[in-house]
Amino acid sequence: LKLLLKVLDINPEHSEANFSNGLIFVTIGKFKEGWKYFEYRWKVSPFKEIIWPFPDKPVWKGERGKSVVLWKEQGIGDQIIFLSLVGEVKEICSSLSVYVDPRLEALCRRAMPEITFIPNKKSLNTARYDYHLPLGSVPGLIRNDISDFDRTVKGYFKADPERVQAIREELNLDGKTVIGISWTSFNSLNKTKKSVHLRDMERIFSDLDVVLVNLQYGDVEDEIRAFKEETGISVLQCASVDNREDLDGLAALIEVCDLVVSITNVTVHMAGALAKDTFVLLPYVANFWWLLERKDSVWYPSMTLYRQPTLDDWDSVYVSIRRDLETRLQCN
């Protein structure tokens with residue numbers, strides 16, 4: 001932060017320095033300053049390449065009683081975080097529409113029927129509204145102090161109960177302790193920073209009376225097969241759900257779990273939005289969403305955060321999760 005401020009003394013409009021400033025301020029809990037600098041994202045890649053859908057409409061600044069449309073600008077995980085705020089936004093609008101990834105539409109409609117969710121640009125262009133706002137700018141209106149997070153909604157997504165029951169029967173899970181796992185992030189700029197090897201999860205789950213269910217997206221069949229051969233631990237795969245494309249199915253799959261253990265990818269955001277008990281493996285330098293040092297999440301109250309105590313030290317994380325998991329299972 002000191003280095004960035006030196007840069008800004010020389011060039012107050014340095015885009016990368018201002019944007020980085022925003023990320024740091026949010027990380028250390030100075031939200032009002034952080035969200036202000038976060039708006040510099042529109043001057044850095046990849047955000048500066050985004051074409052705003054409404055160049056001729058005013059940007060919403062919190063005016064009450066207006067018709068507002070919010071629109072996605074980032075990936076699935078970021079959309080899920082920002083969607084935690086739209087119920088609160090609806091309370092101050094006469095009507096609210098939200099443009100989301102089509103894979104999230106069914107989940108959103110089920111949980112928030114009073115809001116119109118738009119899955120494509122064609123429908124977006126026909127929406128009637130007074131103002132618009134990118135989803136990533138919403139926190140700057142209603143999350144400017146740590147006390148504002150007292151209003152955090154616990155469980156703003158709801159899985160399809162019919163699919164939940166169908167998956168429970170498909171995987172034969174009745175009467176079992178079910179833990180959903182995910183271990184890699186394919187879209188991370190530094191995959192080794194956020195991801196772990198499935199093989200290493202033996203240290204967490206060996207000799208426990210639990211059933212592991214795969215929540216990881218992507219082609220991981222060979223990895224799961226090798227894990228079984230090397231450790232004797234099975235990881236069930238749900239044939240009826242594509243974990244990447246069928247996010248409504250992924251939500252139902254998460255819902256059948258008693259606990260989720262995951263690194264920070266879409267799976268963990270989905271689990272948080274469903275208010276599922278979740279143990280999160282965090283790297284030493286974590287994304288700004290997770291703030292500093294906290295063991296809880298201000299965005300997802302059902303989560304417990306396990307941070308690397310030093311750079312690349314996953315071993316300590318495995319030991320801590322194993323200890324807490326044993327305690328949890330004994331209590332049950």
Side-chain angles (χ1 to χ4, degrees), residues 1-48 50 59-63 70 72-75 77-89 91-92 133-154 156 188-190 193-194 264 268-269 272-273 278 280-311:
L1 182 59
K2 290 178 181 178
L3 291 171
L4 287 171
L5 292 176
K6 286 183 180 179
V7 172
L8 294 175
D9 279 342
I10 300 169
N11 178 7
E13 291 304 313
H14 192 289
S15 300
E16 288 82 1
N18 275 293
F19 178 58
S20 296
N21 235 6
L23 301 182
I24 291 175
F25 274 124
V26 173
T27 301
I28 63 178
K30 294 186 176 182
F31 298 104
K32 187 174 183 178
E33 300 94 328
W35 299 130
K36 179 182 73 173
Y37 285 109
F38 191 61
E39 291 302 309
Y40 274 89
R41 69 190 183 280
W42 300 113
K43 296 186 177 183
V44 302
S45 292
F47 298 97
K48 68 180 181 180
I50 295 175
V59 172
W60 187 55
K61 297 180 181 179
E63 293 88 346
L70 308 176
K72 69 180 180 72
E73 54 177 281
Q74 302 182 46
D78 298 278
Q79 289 178 58
I80 292 173
I81 281 185
F82 298 136
L83 284 165
S84 69
L85 306 175
V86 299
E88 199 170 318
V89 170
E91 293 178 2
I92 55 179
L133 188 70
L135 268 172
S137 296
V138 175
L141 296 179
I142 58 178
R143 289 292 183 270
N144 286 305
D145 184 83
I146 190 64
S147 63
D148 292 336
F149 288 90
D150 291 343
R151 301 193 298 271
T152 295
V153 178
K154 185 175 182 180
Y156 51 93
S188 174
L189 293 176
N190 184 349
K193 169 188 166 184
K194 286 176 58 176
T264 55
V268 89
H269 291 291
T278 306
V280 184
L281 292 80
L282 284 184
Y284 182 61
V285 182
N287 187 285
F288 69 101
W289 299 121
W290 310 108
L291 309 186
L292 288 179
E293 298 180 353
R294 298 180 69 111
K295 294 183 178 180
D296 64 336
S297 167
V298 296
W299 297 95
Y300 303 123
S302 64
M303 289 186 174
T304 304
L305 309 182
Y306 295 84
R307 300 175 182 270
Q308 287 184 349
T310 56
L311 192 64

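Excluded from the calculations below are hydrogen atoms, water molecules and symmetry mates; all remaining heavy atoms, backbone and side chain alike, are included. When a residue number appears, it is its place in the shown sequence, counting from 1.
Among residues two or more places apart in sequence or in another chain, the side-chain hydrogen bond (donor to acceptor under 3.5 Å, both in side chains) test is passed with D78 by W289. Partners of E73 according to the side-chain hydrogen bond (donor to acceptor under 3.5 Å, both in side chains) rule, which considers only residues two or more places apart in sequence or in another chain, are R41. With sequence neighbours left out, D150 forms a side-chain contact (heavy atoms from CB on, under 4.5 Å) with S147. Qualifying side-chain contact (heavy atoms from CB on, under 4.5 Å) partners for V7, counting only residues two or more places apart in sequence or in other chains: H14, A17. Take Y156 and apply the ring-ring contact (aromatic ring centres under 6.0 Å, His included) test, not counting sequence neighbours, and it matches no residue. Contacts of L141 classified as side-chain contact (heavy atoms from CB on, under 4.5 Å), with partners at least two apart in sequence or in another chain: W60, L133. Here N18 pairs with L8, Y37, Y40 under the side-chain contact (heavy atoms from CB on, under 4.5 Å) rule; sequence neighbours left out.
Here side-chain hydrogen bond (donor to acceptor under 3.5 Å, both in side chains) pairs that include residues 1-10, with residues two or more places apart or in two chains, number zero. For the side-chain hydrogen bond (donor to acceptor under 3.5 Å, both in side chains) condition, the pairs that include at least one residue of residues 291-307, sequence neighbours left out, are H269-Y300, R294-D296, Y306-D324.
Although no hydrogens or angles enter the test, the distance criterion places a donor-acceptor pair under 3.5 Å between the side chain of T152 and the main chain of V298. Here the side chain of Q74 pairs no donor or acceptor atom with the backbone of Q79 at under 3.5 angstrom.
Of all heavy-atom pairs spanning N21 and L4, the tightest one is N-CD1, 3.8 Å.
Residue L291 holds its CG atom at 9.0 Å from CG of L305, rounded to the nearest 0.5 Å. The distance from atom CG of D148 to atom CD of E88, rounded to the nearest 0.5 Å, is 8.0 Å. Note that the CG atom of L135 and the CG atom of L85 stand 8.5 Å from one another [nearest 0.5 Å]. Separating the NZ atom in K194 from the CG atom in L281 is a distance of 12.0 Å, to the nearest 0.5 Å.
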CA sep, side-chain torsions, deciding dist, call: V44, S15, side chain to side chain contact (heavy atoms under 4.5 Å, CB included): CA-CA 6 Å; V44 302; S15 300; 3.9 Å; yes
CA sep, side-chain torsions, deciding dist, call: T264, N287, side chain to side chain contact (heavy atoms under 4.5 Å, CB included): CA-CA 9 Å; T264 55; N287 187 285; 6.0 Å; no
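The number of heavy atoms from other shown groups lying within 6.0 Å of CZ (F149) is above 12.
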Please list, one pair per line, the donor and acceptor atoms closer than 3.5 Å that link side chains of residues 26-35 to other protein atoms, with sequence neighbours excluded.
unit_1: T27; atom_1: OG1; unit_2: L23; atom_2: O; d: 2.7
unit_1: W35; atom_1: NE1; unit_2: R143; atom_2: O; d: 2.8

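Each of F82, F288, F47, F25 was checked for a ring pair (Phe, Tyr, Trp, His ring centres under 6.0 Å) with F38, and the lone residue meeting it is F288.
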